[in-house]
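Atoms within a ligand are numbered from 1 in the order they appear, just like the ligands themselves.
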Amino acid sequence: MKLAIPAWEIPTLAIKGSAERFPVRRVFCMGLNYLDHKREMGITGDVPPFVFTKAVNHVVPCEAGETASMRYPSKTTNYQWECEYTVAVGKGGSNIAAKDAYDHIFGYAVGLDMTRRDLQLWAKNEGLPWEIGKDVEQSGPVGPITPAATMGHPTTGALWLKCNGDTRQKSDINQLILPVPGIIAWLSEYYTLEPGDIILTGTPAGIGPTKPGDIIEAGVGELTPIKLRVTE
Ligand code: MN
């Protein structure tokens, strides 16, 4: 097969303790999955589970011990961090029962769901789709995956994010409204999950704006933390 234009590389994530890398197929992001974040977004009452996606080429692979770069995007003056516990799917399936969900998980990582908040809220207020706020170039930094085969499936663990050394998000993944097995079960009703899919499980309170020059650090439990510099 001769391609008319050069093919692009798919992003791959480091795997802790392995020379192999994890190719990313799709990026799913769960919304409003922590009570305190719902409150800070001014949302009261029950919200059913929902998901949005980012194009896979927006993933910024972060390597252990390194400072990655993340470009501040165009057309926003309010580009915000959201630190999220991130699930890497190793085995596909649809209509997966929650009790079987862990069989489908390769491992876990720290991810960010960077958001042009001004454009997201504009779209929301207009009743329009959110893509312009969420599906943003370089908006999906993800760190190395720790395989479930070596770590198991954490259900507790401190989630934190620092901007320029100041702690801005501090929660625990035990606060997820819909925990990971429920996310796999719910999402696999709507999509046939595939190996390589990653799922960002939602962010707790403490979202806030970045600016070029900021250093963002984030972690979840024992997972490899990530570090990024926001660039012009
Ligand atoms: Mn999010």
task = Evaluate the ring planes of H153 and Y108, with Trp represented by its six-membered ring, and classify them as parallel (under 30°), tilted (30 to 60°) or perpendicular (over 60°).
result = perpendicular
ask   = How far does CZ of R21 sit from CD1 of I145, to the nearest 0.5 angstrom?
value = 9.5 Å
ask   = In Å and rounded to the nearest 0.5 Å, what is the CD to CG distance from Q120 to N125?
value = 10.0 Å
Identity of the N, O or S atom of [X] lying closest to the Mn ion (ligand 1):
| X | result |
| --- | --- |
| E82 | OE1 |
| E84 | OE2 |
| D113 | OD2 |

task = Return yes if a side-chain donor-acceptor contact under 3.5 Å exists between Q169 and T203, otherwise no.
result = yes
